[in-house]
Amino acid sequence: MSNHPNFRESQPSTEQGATKKTKSKPVLLGVAAVAVVALIAGGSFAYFSGYNPFGDPEPNYAQTPSQSDVMDFSGLGQDMHLNGAPLTASAEASETSSHILRFIGSTTSILTRVGDDDTPAWTVSIPHQDIDTGETEPLDEALDPESSEDTSDEEEKLAGTPAACRISGGAVQCGNRTVALSDGSMTKAENTAEVDPDPASSRVPLDVDEEGTVTGPNDQTYDGLNLDPEAHASMIAGAQAGETGPWVVSDGQTLAAVDSDSVLWTQDLDSSAAEVTGLGDKRVTPSWTAVDGVLIIGTSDAVRGLDLSTGDQLWAVSAPTDGFAVSGSQLRIQHEGAVSSFDFTDSADDESVTADKGFDESISALPAPKLPSEDDIRNAKLEVPPACAEFTSAEGAKQDFTDGKAAEGEYGESIAINDVTTSLAAPKPMVAIDFVCYPGGNWVTDSVGVYDQKLDLITSIEPWSADSDFQQLADFNRSIVSAVDMTGPYMTAMMSNIAVYGDEDYNAAERTAEAELRLAWSKGGYEPQDVLFNADGAAVRVPEVEEVQKFVDAAAKGDDDTAGAMATDEVMRDLDTVIGDASANPPLTYRNLVLQDGTEVDTCELIGVVDEEYGDYTMSNGVELMEGIGGFGSGSIEAGDVICGLKGPDETIDPDDDGSWYAAHLLLKGNEAGAVKVYSVSSYTG
């Protein structure tokens, strides 16, 4: 096995930035007329010669691509890495997939469609599948088994399996979610799409056994080639590869090319290649690409093109690299919040170029848009967010503000401007205003209004309002906004004073939890993407109702293997414990009382304030529990745990009906992955 020196070390750049394209100049009318004659003549020659001068230039993957643009994704979380996994099982993919970017994070992936102007047209978040509640490995260890065991708590972690995606019928389907290509609207699919999670490997006639031995199409083994049996082996071949190869195989540590008879070449991979390219872990579909006899692969400091037949380096784009993707004629390299684009139809003159951290200088800069000053904002007439206006009994949606405060009402109710955030890095120039909404007494809460340059209200972020998607996840009443950021297509809002278990139950009491709300720009407004709570120092995501429903359905059907993976041993042990008259037929147990066939999970939320004496509890939708919170296992409730209200067969839950109650509920341990771990099942027994 030989080391390839060019693969381990970046080639020195002969220029400080990527090759620049010259800006087009206006053409004089006379010159244009001559050009028309030339084009007509050239077109006639092309017709008879078979050459089309009007066609798009062909990409040359064996030559260094030139930088064409830098896209701003600085609103992405630090754990998000660009991934070039193909959108499989689709004839439409070749035309559309180049406009879809996928970023993989620790527990969720982000899918965004890039418009013709290289700005995100829409963005959605796709949770990972099969998330385990156990401890997760740091991402670099999961992808590179030989990496150091010494890792910090701040390193990225991969939990669960990123959903494989395909384009079909005008939509992208990822797992059980369908995203419309036109506007990014997301719906639940009836069935999980049949998608090959690693289509590159499935097309290569090689096999790697449990001992790391590679077997070829004629059942022959390759002398001197042995892969790590503990790592997943990925394989790839170019479109031109026939029955004799060449084919490339890697376990994240070794990169090798073989044909039907022998090993063509091998290389030791740079320690960062597994993480950046996605090699060595079966959960991650690699970003590498084999096209026109060129293998494109990445490390932390560059993306390189290697000759498939020899392993020799053909070109390199030197750039700090967190992730990369090749789609169509574009190579896109991500580092933190920037995605740089390189065009294979415009080859650079050198074998190595260095990515320009800034935007292409040939693109003329537009005049910087002006936003109102903070003083102007604090003394403007503004349409306030609707829930805030209703909460404070404000007369009319528009309020006159003087020094940041609207006129007080009859009972001292008022609306005040707490903080102003302006952004030119958002999808368009915008102003976010944090309003303090005070109805009088000792109850106060915050709302965020988002405005354009003319201070017209675009959208509102009011997590405590009755129709908010966030209100279903926790008690946001009296929540306070501590920070707002609008960068790229994303908005993050930091909230505090959120009620959790252990907090006291009176209006002026401190509420100890915090939350980071993540939203993405879509269809002219911000759509909720993710909520990460911090309760008593622990990071928590509320599991999705559909995931908890899987536990209920499995337990109801007696599928205890499936249910047991989502519950504690104590819960599974006690599901069939008789809790009533043992002579009844069937005897009364938690399984046949709480988890009957047809039981539905109605809502799940972070456990808020609980009455200490009786355990009385009201869900955020206003529906109370018929029995005090708990049941067996309830003695271990902690801040950050989750409660789910259950709706029995033929039962109706109506938040507007005072006689509507939850007769049964589940308690779940909170965790950062939002995975289901039930530790208490409870029901009213009369």
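Counting from 1, the numbers follow the sequence of the chain as shown. Quick caveat: nothing in here was measured; it's all calculated off a predicted structure.
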Working note: Val303 + Thr321, criterion side-chain contact (heavy atoms from CB on, under 4.5 Å); need CA distance, chi angles, decisive distance, verdict. CA-CA 8 Å; Val303 175; Thr321 305; 4.3 Å; yes
Verify, without hydrogens or angle tests, whether [X] (side chain) and [Y] (backbone) share a donor-acceptor contact under 3.5 angstrom.
X      : Y      : answer
Asp322 : Glu336 : yes
Arg203 : Ile236 : no
Ser250 : Thr254 : yes
Gln529 : Ser125 : yes

Stepwise side-chain contact (heavy atoms from CB on, under 4.5 Å) test for Asn60 and Phe344: CA-CA 5 Å; Asn60 186 347; Phe344 285 107; 5.8 Å; no
Hey, what's the ring geometry for Tyr526 with Trp521, parallel, tilted or perpendicular (30° and 60° as the breaks)? perpendicular
Between [atom1] of [X] and [atom2] of [Y], what distance do you get to the nearest 0.5 Å?
X      : Y      : atom1 : atom2 : result
His99  : Thr112 : NE2   : OG1   : 12.5 Å
Leu308 : Trp247 : CG    : CH2   : 12.5 Å
Ile104 : Ser287 : CD1   : OG    : 7.0 Å
Thr178 : Arg166 : OG1   : CZ    : 9.0 Å
Leu101 : Leu111 : CG    : CG    : 8.5 Å
Gln67  : Ile333 : CD    : CD1   : 8.5 Å

[X] side chain near [Y] side chain, heavy-atom distance below 4.5 Å:
X      : Y      : result
Leu181 : Arg113 : yes
Met566 : Glu547 : no
Val294 : Leu314 : yes
Asp281 : His232 : no
Val317 : Pro65  : yes

Quick test of your reading of the model: are Glu544 and Arg177 salt-bridged, counting only N-O distances below 4.0 Å? yes
Salt bridge check, Lys557 against Asp559: does any charged N sit closer than 4.0 Å to a carboxylate O? no
What's the shortest heavy-atom distance between [X] and [Y], and which atoms?
X      : Y      : answer
Ser309 : Leu264 : O-CB, 3.9 Å
Gln334 : Leu82  : OE1-N, 2.6 Å
Val249 : Met235 : CG2-CG, 3.5 Å
Val172 : Cys165 : CG1-CB, 4.0 Å
Ala302 : Arg304 : CB-NH1, 3.5 Å
Cys174 : Ala163 : C-CB, 4.0 Å

If you measure only the distance, is there a donor-acceptor pair under 3.5 Å linking the side chains of [X] and [Y]?
X      : Y      : result
His128 : Thr108 : no
Ser260 : Thr244 : no
Ser352 : Asp350 : no

The test is side-chain contact (heavy atoms from CB on, under 4.5 Å); show your working for Leu206 and Tyr222 and say whether it passes. CA-CA 11 Å; Leu206 301 177; Tyr222 295 93; 3.7 Å; yes
So Ser66 and Asp343, side-chain contact (heavy atoms from CB on, under 4.5 Å) or not? Walk me through it. CA-CA 5 Å; Ser66 290; Asp343 193 348; 5.7 Å; no
Compute both the distance and the angle, then confirm whether Arg332 meets the cation-pi test with Phe342: under 6.0 Å from the six-membered ring centre, within 45 degrees of the axis. no
Can you check ring-ring contact (aromatic ring centres under 6.0 Å, His included) on Phe324 and Trp288, steps first, answer last? CA-CA 9 Å; Phe324 72 98; Trp288 62 4; 10.0 Å; no
Taking atom CD as the centre, does Glu210 end up with more than 12 heavy-atom neighbours from other residues, nucleotides or ligands that are less than 6.0 angstrom away? no
